[in-house]
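All remarks here apply to the structure that follows.
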Amino acid sequence: MQIAPSILSADFARLGAEVDAVLDAGADIVHFDVMDNHYVPNLTFGPMICSALRDYGVQADIDVHLMVEPVDAMIEAFAKAGASMISFHPDATPHMHRSISLVKDLGCKVGIALNPGTPLHELEEVIQYLDYVLLMTVNPGFGGQQFIPQSTDKIKRLKQMIETRKLSTLIEVDGGINAETIKQTYDAGADIFVAGSAIFNAKDYKHSIDSLRQAVK
Ligand code: DX5
Ligand code: ZN
């Protein structure tokens with residue numbers, strides 16, 4: 001299992017130190033939530049912050065979750081800024097296949113992100129090109145929301161879809177993941193676990209990351 005703290009809940013005034021702290025505490029991936037006040041009703045940070053983290057010395061994979069519309073210009077900017085993984089939502093681009101190819105051509109891992117209300121059949125024609133699928137387990141836009149319980153069944157159905165096609169696509173879950181909700185998503189087949197508030201709102205990051213790992217046992 002890979003733990004990906006969402007820096008949406010970090011102290012932005014000390015962002016470099018916050019990222020160092022979660023990586024020292026055992027996090028695997030840095031989850032970077034990009035919001036444009038258009039695709040979602042909130043505004044966060046762009047490629048300059050991503051390249052600033054690289055310049056600061058962050059070596060871990062940076063997992064860019066684009067909640068922006070349109071996506072192609074941001075894909076190019078984030079690949080240049082040092083992103084390792086880039087996901088976007090299918091309803092944020094008129095040409096999903098072209099945007100997927102763009103991410104891959106720029107040397108990043110590619111994922112499609114699905115909102116709770118978006119059906120899995122959106123993946124039908126493209127799943128074979130994806131490194132991962134990001135399943136939103138809350139509606140996108142804000143940290144600190146409650147996990148939507150119906151998501152567990154959707155994870156199981158996605159896992160089945162991947163296995164039937166004999167693919168090695170990873171499943172990333174994002175939203176409301178904490179020590180109480182993580183086990184059902186792990187048992188259902190998730191591989192990468194994004195957690196924002198459950199990690200950054202705790203005093204001891206190592207303790208909160210260890211608790212997430214313990215909770216699936
Ligand atoms: C929501 C973001 C999530 C969010 C997760 O739009 O995609 O990554 O920050 O935050 P928590 O873990 O607090 O639900
Ligand atoms: Zn996210």
Side-chain angles (χ1 to χ4, degrees), residues 1-12 15 18-19 22 25 27-47 49-50 53 60-69 71 74-75 78 83-92 103 108-118 131-152 154-155 170-186 190-203 205 208-209 211-213 215-216:
M1 68 185 298
Q2 292 183 289
I3 303 283
S6 163
I7 59 167
L8 186 59
S9 296
D11 177 356
F12 295 155
L15 190 55
E18 287 273 79
V19 169
V22 286
D28 302 289
I29 297 173
V30 179
H31 186 78
F32 198 99
D33 283 309
V34 185
M35 304 185 188
D36 66 350
N37 188 39
H38 174 66
Y39 183 73
V40 289
N42 199 0
L43 186 65
T44 57
F45 28 68
I49 307 296
C50 182
L53 287 175
D61 280 353
I62 297 182
D63 164 29
V64 173
H65 176 192
L66 293 178
M67 288 161 276
V68 305
E69 182 186 359
V71 299
M74 286 298 105
I75 288 172
F78 272 102
S84 325
M85 306 162 61
I86 300 180
S87 65
F88 58 87
H89 291 251
D91 46 345
V103 176
C108 300
K109 291 197 172 143
V110 63
I112 286 291
L114 297 183
N115 291 329
T118 308
D131 296 295
Y132 61 105
V133 174
L134 186 161
L135 280 191
M136 291 296 311
T137 43
V138 300
N139 284 296
F142 302 93
Q145 303 178 78
Q146 288 248 324
F147 178 83
I148 298 173
Q150 288 83 348
S151 311
T152 307
K154 194 174 182 184
I155 301 166
L170 298 179
I171 301 177
E172 176 171 32
V173 285
D174 185 6
I177 301 296
N178 56 40
E180 282 73 54
T181 57
I182 193 168
K183 186 172 166 49
Q184 56 186 295
T185 67
Y186 179 87
D191 307 284
I192 306 172
F193 304 84
V194 176
S197 48
I199 294 174
F200 284 104
N201 291 357
K203 278 210 178 70
Y205 297 164
S208 55
I209 291 172
S211 315
L212 292 174
R213 292 196 201 278
V216 307

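Counting convention: from 1, in listed order, for ligands and their atoms alike. Only heavy atoms go into these numbers, but all of them, side chains included; no hydrogens, no water, no symmetry mates.
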To the closest 0.5 Å, what do you measure between CD1 (I148) and CG (L135)? 11.5 Å
Atom CZ of F147 with >12 non-hydrogen neighbours under 6.0 angstrom: yes
Are any of the N/O atoms on L8, whether in the backbone or the side chain, positioned under 3.5 angstrom from an N/O atom of ligand 1? no
Protein contact to atom 14 (O) of ligand 1 [nearest heavy atom, distance to 0.1 Å]: G176 N, 2.8 Å
Test your reading of the model: is there a side-chain donor-acceptor pair from Q2 to the backbone of D28, 3.5 Å cut-off? no
Hey, does the side chain of N139 reach the backbone of P116 with a donor-acceptor pair shorter than 3.5 angstrom? no
Rounded to the nearest 0.5 Å, what separation is found between the CZ atom of F45 and the CD1 atom of I7? 4.0 Å
Within the side chain of T185, is there an N or O that forms a donor-acceptor pair under 3.5 Å with the backbone of V173? no
Starting from the Zn ion (ligand 2), look over the N/O/S atoms of H65 and name the nearest one. ND1
Please list, in number order, the atoms of ligand 1 under 4.0 Å from a heavy atom of P140. 6 (O)
Between T137 and D174, is there a donor-acceptor pair closer than 3.5 Å when you use the side chain of the first and the backbone of the second? yes
Could you find the nearest protein heavy atom to atom 3 (C) of ligand 1 and give me its residue, atom name and distance? D174 OD1, 2.8 Å
What is the nearest protein non-hydrogen atom to atom 10 (O) of ligand 1, stated with its residue, atom name and distance? G143 CA, 3.7 Å
Quick one: which ligand 1 atoms are inside 4.0 Å of a heavy atom on H31? 8 (O)
Have a look at the Zn ion (ligand 2) and estimate, to 10 degrees, the angle subtended by NE2 (H31) and OD2 (D174). 100°
For the side chain of Q145 and the backbone of G175, is there at least one donor-acceptor N/O pair under 3.5 Å apart? no
Checking one value in my table: which N/O/S atom of D33 lies closest to the Zn ion (ligand 2)? OD1
Which residue owns the protein heavy atom closest to atom 6 (O) of ligand 1, what's the atom, and how far is it? G141 N, 2.8 Å
Which of the atoms in ligand 1, numbered in the order shown and given with their element, are less than 4.0 Å from a heavy-atom of H65? 7 (O)
Against heavy atoms of A195, which atoms of ligand 1 measure under 4.0 Å? 12 (O)
Atoms in ligand 1 with a heavy atom of V194 nearer than 4.0 Å: 8 (O)
Distance filter under 4.0 Å to G144 heavy atoms, resulting ligand 1 atoms: 11 (P), 13 (O), 14 (O)
Within ligand 1, which atoms have a heavy atom of M35 less than 4.0 Å away? 6 (O)
Just to be sure I read this right, does ligand 1 sit under 4.0 Å from the backbone of S197, its side chain, both, or neither, counting only heavy atoms? both
Would you please classify the geometry between the Y39 ring and the H89 ring as parallel, tilted or perpendicular, with 30° and 60° separating the classes? tilted
Close N or O approach (G196, ligand 1; < 3.5 Å): yes
Steps toward side chain to side chain donor-acceptor pair (under 3.5 Å) verdict (D63, H65): CA-CA 6 Å; D63 164 29; H65 176 192; over 6 Å; no
Do any nitrogen or oxygen atoms of S6 come within less than 3.5 Å of a nitrogen or oxygen of ligand 1? yes
First locate atom CD of Q184, then atom CD1 of I177, and finally report the distance between them rounded to the nearest 0.5 Å. 8.0 Å
Are any side-chain N or O atoms of D61 and backbone N or O atoms of I29, one a donor and one an acceptor, separated by less than 3.5 Å? no
Where A113 and P90 come nearest, the two heavy atoms and their spacing: O-CD, 3.1 Å
Quick check on G175 - does any of its heavy atoms sit under 4.0 Å from an atom of ligand 1? yes
N/O of M67 under 3.5 Å from N/O of ligand 1, yes or no? no
If we only consider heavy atoms of F142, is any one of them less than 4.0 Å away from an atom in ligand 1? yes
